Amino acid sequence: MKVSLGIVHGAEIDGWHYHSIIGLLTKKNPTGHVLDDHVCVRSGPLLSAGRGTLVGQFLTQTDSDALFMLDSDMKFTPELIYTHIDFFDQCRQTYPDLGILGGLTEISSDPLGQVRKPNVWVAGKHPGQFYQVSEVPENALMEVGGTGAACLLISREVLEKFAGEKINPFHHVPLVNWPMLARNVINMTDMEQAAEEIRYAVWGADQCGEDMSFCMRVRHAGYRIFVHTGLHYGHSKSILLGEQAPAQEA
């Protein structure tokens with residue numbers, strides 16, 4: 001299987017990411033998979049546009065079977081990348097409708113990084129609604145509703161489908177019809193029901209960024225999304241999240 005590396009950056013590259021890329025370039029590939037092509041896009045403040053441009057370059061400039069999308073703040077080892085690709089190839093044999101295989105990353109709204117959660121989400125009962133999980137099983141393949149776009153291995157077949165529809169698959173999905181919501185709520189006499197209606201609508205809209213919009217489209221197109229929790233990636237924010245993961249030790 002041939003894979004292209006795709007990187008979206010904001011003009012600056014994190015030091016951990018640079019270190020990881022150098023390691024990938026100098027480490028011999030122990031598998032039979034080919035990682036010899038890449039696409040790179042400098043994104044402005046509209047990250048969805050940068051990701052969409054990256055997909056377009058991948059489809060027009062490479063003939064790879066899959067796009068390995070990595071943000072410029074991810075830390076990894078060469079072995080981790082090759083293992084991820086190998087898992088993807090194996091999973092496609094079991095799940096022919098596999099669209100995405102993500103790695104395990106952590107995110108945190110705490111500047112000190114003391115409160116961390118896996119970037120793994122399950123789909124709610126309302127369109128565009130996702131719930132972040134607090135814990136994940138160790139070293140396991142789990143099907144998810146969505147995951148962050150900072151570390152995704154995506155089948156070319158999926159991206160070609162969206163290209164045929166002439167849309168940017170990362171464009172934000174408008175989730176709330178505000179006038180309709182207002183009309184529904186204003187006619188409700190049960191205030192608890194009205195509050196619940198608003199909460200579902202607003203909460204879903206707040207949580208659906210360009211990555212979750214993409215995951216929604218992938219699942220709606222009939223493809224499945226998995227995360228392998230044994231593939232630990234570092235995520236460099238105010239501190240490096242996930243630096244203790246064994247797979248990242250040099």
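Just so you know, residue 1 is the first one in the sequence shown, and it goes up from there. Keep in mind that this is a model prediction, so the values were computed, not measured. Values below: every heavy atom of this structure, side chains too, minus hydrogens, waters and symmetry copies.
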Check whether any side-chain N or O of [X] sits under 3.5 Å from a backbone N or O of [Y] as a donor-acceptor pair, and report yes or no.
X: Arg156; Y: Ser64; value: yes
X: Asn168; Y: Ser48; value: yes
X: Arg217; Y: Pro169; value: yes
X: His38; Y: Leu5; value: no
X: Asn119; Y: Thr147; value: no
X: Thr229; Y: Asn139; value: yes
X: Arg219; Y: Gly145; value: yes
X: Asp71; Y: Asp73; value: no

**OP:** Report the C-alpha separation of Ile225 and Leu152 in whole Å, then their side-chain angles, then the decisive distance to 0.1 Å, and conclude whether the side chain to side chain contact (heavy atoms under 4.5 Å, CB included) test is met.
**Re:** CA-CA 10 Å; Ile225 303 172; Leu152 296 178; over 6 Å; no
If I compare all heavy atoms of [X] with all of [Y], which pair ends up nearest, and what's the gap?
X: His17; Y: Met74; answer: ND1-O, 3.0 Å
X: Met142; Y: Pro137; answer: SD-CD, 4.0 Å
X: Phe130; Y: Gly146; answer: CE2-N, 4.1 Å
X: Val227; Y: Gly103; answer: CG1-O, 3.9 Å
X: Pro30; Y: Tyr82; answer: CD-CD1, 3.3 Å
X: Leu35; Y: Leu24; answer: CD2-CD2, 4.0 Å

Establish, yes or no, whether a centroid distance under 6.0 Å links the rings of [X] and [Y].
X: His84; Y: Phe76; answer: no
X: Phe226; Y: Tyr95; answer: yes
X: Phe88; Y: His33; answer: no

Quiz item: Met69 versus Phe214: any side-chain heavy-atom pair under 4.5 Å?
Solution: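 They are not in side-chain contact.
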message: Just so I know, are the side chains of Val55 and Leu59 near enough to count as touching, which here means a heavy-atom distance under 4.5 Å?
response: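 Sidechains of Leu59 and Val55: in contact.
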Determine, step by step, whether Leu47 and Asp211 satisfy the side chain to side chain contact (heavy atoms under 4.5 Å, CB included) criterion, reporting the C-alpha distance in whole Å, the side-chain angles of both residues, the deciding distance to 0.1 Å, and the verdict. CA-CA 10 Å; Leu47 187 55; Asp211 43 11; over 6 Å; no
In terms of heavy-atom contacts, does CD of Glu165 have more than 12 from other residues, nucleotides or ligands at under 6.0 Å?
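Enclosed.
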Cluster question for you: counting only ILVMFWY and a side-chain heavy-atom cut-off of under 4.5 Å, with indirect links fine, are [X] and [Y] together?
X: Val34; Y: Leu25; value: no
X: Ile100; Y: Ile167; value: yes
X: Val133; Y: Tyr131; value: yes

